[in-house]
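Data first, discussion second: the structure below is written as structure tokens.
Residue numbering restarts at 1 for every chain, and letters A, B, ... go by the order of the sequence lines.
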Number of protein chains: 2
Amino acid sequence: MLTISQLAAYTGVTVRAVRHYHRIGLLAEPARDRSGYRIYGADAVVRLIRIRTLADAGVPLARVQGLLDAGEEEFRDGVREIDKELRAEARRLRNTRTRLARLAAGDHLALPQDVVAYLDRLRGLGVDERYIEMERDAWIMIAGQVPDRIDAVIAEKHRELDDPAMVEFYLLVSEALDWSPDDPRIARIADILEELMMRALESGALQDDGLDQAFVDLMDSTMLESSPVAERLLAILEERGWRGWTRVERAPSAKSGGARSGNG
Amino acid sequence: MLTISQLAAYTGVTVRAVRHYHRIGLLAEPARDRSGYRIYGADAVVRLIRIRTLADAGVPLARVQGLLDAGEEEFRDGVREIDKELRAEARRLRNTRTRLARLAAGDHLALPQDVVAYLDRLRGLGVDERYIEMERDAWIMIAGQVPDRIDAVIAEKHRELDDPAMVEFYLLVSEALDWSPDDPRIARIADILEELMMRALESGALQDDGLDQAFVDLMDSTMLESSPVAERLLAILEERGWRGWTRVERAPSAKSGGARSGNG
DNA sequence: ATGGAGGGTTGACCCAGGGTCAAGGTCAAG
DNA sequence: CTTGACCTTGACCCTGGGTCAACCCTCCAT
């Protein structure tokens, strides 16, 4: 006959686990000796091995109880179902590994390789690292919002960067981080942006970015709060009849309505 | 700016989870509006997406914190390690699936196919179902104790069953379950057993069964308590100078010492 | 101004599957 | 007789939140 620790050793579980199984009624309480110690026989060993076999397969203890006390067919059905769950778990695991690999390759976290390449291109152009971080965070949000469309969006951004005016715009915005909000060069940025937007309007690009308005508002307010210069720039644009930043639109009062471009 | 439920909706987590992250310090508490509501910016969204990306990979939240606050290399190392763990998890999962398959094919639980075949063979010989259940439980224990050697042991058992004397022995033992402990036929069982053991001794089989003594004792005490007949049989054998059941030995006082056979 | 719906806030308890500690009884050996 | 190893029960702790309760805040319609 066995003490609890011997039983535990035989079956490869902890003493605590055995007592836990007693408490939840999974393993019957055995007889006690005159000093109150539990004394186990082979039946307990067998039951415990069965319990562990199922529990190691990830079956919750409550279900283990049901299975062990069930008949042959019910048991077989249960095992089939458990195996199906294990297969699903294996699929999930493969999936996770893929995501994790992409994550390790990305710009610190959770970005597709294309986006990382785009950020590197900005970096290569001499854009300020602080601005690149803002861009990166924005892309993380976009990736979270519309993961399926991000490839198309980033491809469009790459094309935009082929335009020298766009490059100049990025460099100016990046430099502007340290300007005073009164700096007259801010107007120059607004000039370039207006020209870029007019051109985008003509070409008909960016008709639908797939982002919802609340999301766009959030990005805009983040931009607005990033620096006094940004605030000033947006104010100038608003005076000229534009509205927004992430998704720029002609303000309703202006002549040509609904024109949209973007600075995601 | 976002309320907590908007933040949760953006990042695909529950409101409760967000608050949980605040409590464990994984996500910084944001500013509150004048009525005490939490107000979030894009920074929280980004942080939360990063958290979920790692957490979905099975990283414990405590470790997520460490990773997110770490530098590039440390982060990359961490991800590598996590991937290693995921691979190990996948291995474990395959292993479990194998065990589960064997379990479903086995005699209700956790027995290799060979053992099931052996039990079926006993059944075919007309051995009492109660005895077969005892055998099955014993095999479950053996499978738990020496899983790597069970194939060899069961093969030996199959060979033993080719001996008509062994078959007779099994049938008698099976019948004996209902006898009175005074039944004279019990001596007949002892006779057969003695002969079998002498033969096993000569052939030199079963020199080392790989079971430890405590385990053998447990099996013996189970046998002893199974019925008064078993008790009587063991007493007779003891009178004749044998000891044990699972691993039968010549008692020290007897002429030829150390002979061992078995009735696993 | 008032009532109700639908947000938000905190706090407390609950789950698996035990780990860990505490306070005390028991047992075998020296 | 003491010591150390074992046993007993009970209580609190962990992760990653779910669920419920009680109450506050805001907004909208009346």
Side-chain angles (χ1 to χ4, degrees), chain A residues 1-41 44 47-68 82 85 89 92 96 214, chain B residues 1-41 44 47-68 82 85 89 92 96 214:
Chain A
M1 307 303 280
L2 306 172
T3 67
I4 196 169
S5 58
Q6 290 171 322
L7 172 69
Y10 271 133
T11 54
V13 303
T14 64
V15 170
R16 185 63 173 80
V18 175
R19 288 205 273 251
H20 185 60
Y21 299 158
H22 286 319
R23 230 164 50 82
I24 65 178
L26 186 52
L27 185 64
E29 280 278 2
R32 308 288 184 120
D33 66 12
R34 72 190 186 299
S35 63
Y37 289 14
R38 293 178 180 86
I39 42 175
Y40 298 91
R47 175 89 178 178
L48 206 37
I49 288 175
R50 290 173 165 184
I51 291 171
R52 284 319 307 171
T53 303
L54 284 170
D56 288 347
V59 183
L61 295 187
R63 197 164 163 204
V64 167
Q65 185 144 24
L67 281 174
L68 288 185
I82 291 162
E85 284 164 25
E89 173 70 8
R92 205 189 59 75
T96 298
Chain B
M1 307 303 281
L2 306 171
T3 68
I4 195 168
S5 58
Q6 291 171 321
L7 172 69
Y10 271 134
T11 54
V13 304
T14 64
V15 170
R16 185 64 174 84
V18 175
R19 289 206 272 251
H20 184 61
Y21 298 158
H22 285 320
R23 229 164 51 80
I24 65 177
L26 186 51
L27 185 64
E29 280 278 3
R32 309 287 184 121
D33 66 11
R34 73 191 185 298
S35 64
Y37 288 15
R38 293 178 180 85
I39 42 174
Y40 298 90
R47 175 88 177 178
L48 206 37
I49 288 175
R50 291 174 162 183
I51 290 171
R52 286 316 310 170
T53 303
L54 283 169
D56 288 347
V59 182
L61 295 187
R63 200 162 161 204
V64 168
Q65 184 147 25
L67 281 174
L68 288 185
I82 290 162
E85 283 164 27
E89 172 71 8
R92 205 190 59 76
T96 299

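C:dA16 atom P lies 15 Å from atom CD1 of A:Ile51, rounded to whole Å. The separation between A:Arg23 atom CZ and D:dG10 atom C1' is 10 Å, rounded to whole Å. In this structure, B:Leu48 atom CG and D:dG17 atom P are separated by 11 Å, rounded to whole Å. Rounded to a whole Å, the CG atom of B:Leu26 is 10 Å from the P atom of D:dG17. Rounded to whole angstrom, the span from the CG atom of A:Asp56 across to the C1' atom of C:dA16 amounts to 15 Å. Rounded to an integer number of Å, the gap from CD of A:Gln65 to P of C:dC15 is 15 Å. Going from atom CZ of A:Arg38 over to atom C1' of D:dC6 covers 14 Å, rounded to whole Å. Taking atom CG of residue A:Asp33 and atom C1' of nucleotide D:dT8, one finds them 11 Å apart after rounding to whole Å.
Annotation: of the two residues near DNA chain D, B:Gly58 and B:Arg16, the 5′-most nearest-nucleotide partner is B:Gly58. Annotation: of the two residues near DNA chain D, A:Ser35 and B:Thr14, the 5′-most nearest-nucleotide partner is A:Ser35.
The B:Tyr37 side chain lies nearest to D:dC25 when the options are C:dG18, D:dC25, D:dT19. Candidate nucleotides C:dT9, D:dC6, C:dG17 were compared by shortest atom distance to the side chain of B:Arg19, and C:dT9 ranks first. Listed nucleotides: D:dG17, C:dG8, D:dC7. Nearest to the side chain of B:Arg52: D:dG17.
The phosphate of C:dG8 has OP1 or OP2 within less than 4.0 Å of a side-chain N or O from B:Thr3. For C:dG17, neither phosphate oxygen OP1 nor OP2 lies less than 4.0 angstrom from any side-chain nitrogen or oxygen of A:Tyr21.
Side-chain contact annotation: A:Tyr21 with A:Arg16, donor-acceptor N/O pair under 3.5 Å absent.
Using a 4.5 Å cut-off on side-chain heavy atoms (C-beta onward), B:Thr53 and B:Arg50 make no contact.
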*asked:* With side-chain contact (heavy atoms from CB on, under 4.5 Å) as the criterion, how do A:Tyr40 and A:Val18 come out once you've worked through the C-alpha distance, each side chain's angles and the decisive distance to 0.1 Å?
replied: CA-CA 11 Å; A:Tyr40 298 91; A:Val18 175; 3.6 Å; yes

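As judged by a 4.0 angstrom heavy-atom cut-off over every strand, B:Arg32 is placed among residues touching the sugar-phosphate backbone only. Looking at heavy-atom distances under 4.0 Å, A:Ile24 makes no contact with the nucleic acid at all.
Between B:Arg92 and A:Glu89, none of the side-chain N atoms (NZ, or NE/NH1/NH2) sits under 4.0 Å from a carboxylate O, so this pair counts as no salt bridge.
Around atom CZ of A:Arg32, more than 12 heavy atoms belonging to other residues, nucleotides or ligands sit under 6.0 Å away.
Pairing for C:dG30 is with D:dC1, a Watson-Crick or G-U wobble pair whose two hydrogen-bonding atom distances lie under 3.5 Å.
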